[in-house]
Amino acid sequence: MMNTLNTEKSAEKPFRKTGNPVELTSESPLHPRRKSHRIMVGSVPVGGGAPISVQSMTNTLTANVPATLQQIAELTAAGCDIVRVAVPSQDDADALPEICRKSPVPIIADIHFQSKYVFQAIDAGCAAVRVNPGNIRKFNEVGPSICKAATDAGISLRIGVNAGSLDKELYAKYGGPTPEALVASALQEAHMFEDVGFHDFKISVKHHDVITMVETYRLLASKGDWPLHLGVTEAGPAWQGTIKSCLAFGALLAEGIGDTIRVSLSAPPVEEVKVGCKLLEYMGLRPRKFDIISCPSCGRAQVDVIQLASAVTEGLKDVTAPIRVAVMGCIVNGPGEAREADLGVASGNGKGQIFIKGKVIETVPEDQIVDTLLTKAQEIAAQMEADGLVPVNATGPVVVPIQHPNR
């Protein structure tokens with residue numbers, strides 16, 4: 001009886017081979033998505049079971065239209081779905097019509113303090129506006145007009161609060177930017193919009209602390225069906241911010257919470273997109289693209305795994321075909337992992353066995369491993385491109401520079 005039950009359970013949920021392409025990317029393999037209502041950011045659906053979108057923000061002067069459009073193009077090429085631009089001045093607002101007209105992805109205008117820029121952004125053709133009611137002067141007076149303008153234009157809004165912009169009264173009541181305080185602020189804003197019949201908005205409740213951020217989004221998710229924009233605000237430099245964002249997003253996405261994300265890094269915006277896309281990919285929420293696996297350095301390794309993996313990753317950083325390359329340094333796990341990859345090497349005793357699709361095709365000296373892998377990977381990638389198997393907006397690996405300890 002026990003064997004029968006186990007067989008039946010296995011049939012219900014077939015084994016998911018690591019790294020397999022995922023056809024359905026709107027549902028997590030780990031947990032059903034939280035039910036939220038859908039809004040549109042231009043052509044990109046957010047919420048309501050739509051695939052989770054990746055956002056970033058330009059760091060150019062928005063008024064510098066050529067530079068801003070160039071960065072938007074770079075972000076789009078990296079896999080970004082939605083781009084936000086800052087609008088702190090009249091010159092920036094004046095630049096929005098041309099940017100919106102020429103951008104390949106929906107543009108969100110980031111507005112603070114001056115409500116007049118909200119209306120200009122809507123008239124300019126922005127797909128959405130990020131508006132923070134907490135710092136818009138006399139928002140109680142202009143809020144209904146903003147909602148009407150957005151409704152008439154058929155666009156959505158993003159509202160919400162960051163830990164650094166919490167209302168002073170709520171800060172005092174709750175003793176700081178606690179999850180309860182942040183959610184209370186978000187609920188006030190949501191009800192303010194809903195009271196005038198506007199529902200096309202998503203909410204963010206960002207905090208720089210991972211635990212507080214996760215607890216805040218969990219609490220907010222339990223209060224209604226608004227689509228949620230995930231973010232760890234002021235996450236820090238690239239390495240630290242990546243860890244924080246992956247921890248927070250991973251925890252929430254594994255529970256089905258989150259409809260669109262931005263990885264906030266003190267780094268070039270394109271790096272935010274690379275991390276965000278890879279995060280969704282590894283969570284099973286985006287189709288698999290290019291991937292490198294490599295073993296850790298350990299006493300069993302008979303080659304310099306750190307240097308080998310770094311050299312292969314750097315050499316293949318521009319490959320976008322969805323191939324999986326395994327760089328292994330010992331005979332314990334090496335052959336098995338290399339055999340499972342599209343292309344792999346199992347190294348040891350001064351040489352490397354090169355695998356393609358599970359079969360050893362040749363054995364090369366250690367000093368030829370990198371060149372051989374790069375050549376074979378390029379050949380496989382070229383064939384996949386010729387066969388039309390490279391996804392639109394496919395991206396290369398996330399490359400973290402590694403300084404060799406002996407240099």
Side-chain angles (χ1 to χ4, degrees), residues 39-41 46 55 57-58 61-63 84-97 99-100 106-207 216 220 223-224 226-229 231 233-234 262:
I39 64 171
M40 297 298 296
V41 179
V46 175
Q55 301 188 26
M57 186 173 182
T58 56
L61 291 175
T62 304
R84 183 155 46 106
V85 299
V87 189
S89 73
Q90 186 62 55
D91 288 342
D92 298 315
D94 291 341
L96 289 176
I99 291 172
C100 292
I107 295 298
I108 297 179
D110 187 78
I111 310 293
H112 295 274
F113 306 115
Q114 300 230 27
S115 61
K116 66 177 182 178
Y117 297 147
V118 177
F119 298 102
Q120 281 191 253
I122 293 172
D123 291 340
C126 288
V129 178
R130 184 272 180 101
V131 56
N132 189 337
N135 61 28
I136 294 289
R137 299 184 183 96
K138 298 181 180 179
F139 188 82
N140 288 339
E141 298 178 14
V142 300
S145 297
I146 289 174
C147 292
K148 183 180 186 306
T151 299
D152 292 344
I155 73 166
S156 59
L157 302 175
R158 172 187 147 196
I159 62 173
V161 63
N162 287 1
S165 60
L166 183 64
D167 177 79
K168 292 181 180 179
E169 292 184 6
L170 289 174
Y171 190 101
K173 178 179 178 180
Y174 291 97
T178 64
E180 293 77 14
L182 293 168
V183 170
S185 177
L187 292 179
Q188 284 183 2
E189 295 178 9
H191 295 153
M192 193 184 307
F193 282 84
E194 291 169 340
D195 286 346
V196 294
F198 188 79
H199 300 275
D200 289 333
F201 61 86
K202 59 182 179 289
I203 305 179
S204 66
V205 280
K206 296 184 175 183
H207 198 286
T216 302
L220 180 60
K223 301 293 185 180
W226 312 281
L228 300 181
H229 171 75
T233 191
E234 290 96 35
R262 181 200 173 183

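Excluded from the calculations below are hydrogen atoms, water molecules and symmetry mates; all remaining heavy atoms, backbone and side chain alike, are included.
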[X] (side chain) donor-acceptor with [Y] (main chain) under 3.5 angstrom:
| X | Y | answer |
| --- | --- | --- |
| T62 | A86 | yes |
| D167 | E169 | yes |
| D110 | V87 | no |

Q120 side chain to Q90 side chain, donor-acceptor N/O pair below 3.5 angstrom
yes
With sequence neighbours left out, which residue pairs that include part of residues 183-195 fulfil the side-chain hydrogen bond (donor to acceptor under 3.5 Å, both in side chains) condition?
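Qualifying pairs: E194-W226.
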For K148, which residues count as a salt bridge (Lys or Arg N to Asp or Glu O under 4.0 Å) partner, sequence neighbours excluded?
D152
So which heavy atom on [X] is nearest to which on [Y], and how close?
| X | Y | value |
| --- | --- | --- |
| D92 | A63 | OD1-N, 2.9 Å |
| G176 | L166 | O-CD2, 3.8 Å |
| K202 | I108 | NZ-CD1, 4.0 Å |
| I122 | A153 | CG2-CB, 3.5 Å |
| A121 | V129 | CB-CG2, 4.0 Å |
| T216 | P179 | OG1-CA, 3.2 Å |

Should the heavy atoms of other residues, nucleotides or ligands under 6.0 Å from CG of L61 be counted, would the total exceed 12?
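No.
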Would you please test L157 and F198 for side-chain contact (heavy atoms from CB on, under 4.5 Å) and show each step?
CA-CA 10 Å; L157 302 175; F198 188 79; 3.7 Å; yes
Pairs satisfying ring pair (Phe, Tyr, Trp, His ring centres under 6.0 Å), at least one member in residues 119-142, at least two apart:
F139-F193
With rounding to the nearest 0.5 angstrom, report the [atom1] to [atom2] distance, [X] to [Y].
| X | Y | atom1 | atom2 | answer |
| --- | --- | --- | --- | --- |
| I111 | N132 | CD1 | CG | 11.5 Å |
| Q55 | R130 | CD | CZ | 10.5 Å |
| I159 | I146 | CD1 | CD1 | 11.5 Å |

Would you sort out whether R84 and R158 count as a side-chain contact (heavy atoms from CB on, under 4.5 Å), showing the intermediate values?
CA-CA 11 Å; R84 183 155 46 106; R158 172 187 147 196; 3.5 Å; yes
C126 and I155, any side-chain heavy atoms less than 4.5 Å apart:
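I155 vs C126: side chains apart.
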Test side-chain contact (heavy atoms from CB on, under 4.5 Å) applied to K116 and V142, step by step
CA-CA 9 Å; K116 66 177 182 178; V142 300; over 6 Å; no
With V161 as partner, the option from L170, V205, T233 fulfilling side chain to side chain contact (heavy atoms under 4.5 Å, CB included) is V205
E234 and K206: CA distance, side-chain angles, deciding distance, side-chain contact (heavy atoms from CB on, under 4.5 Å) verdict:
CA-CA 9 Å; E234 290 96 35; K206 296 184 175 183; over 6 Å; no
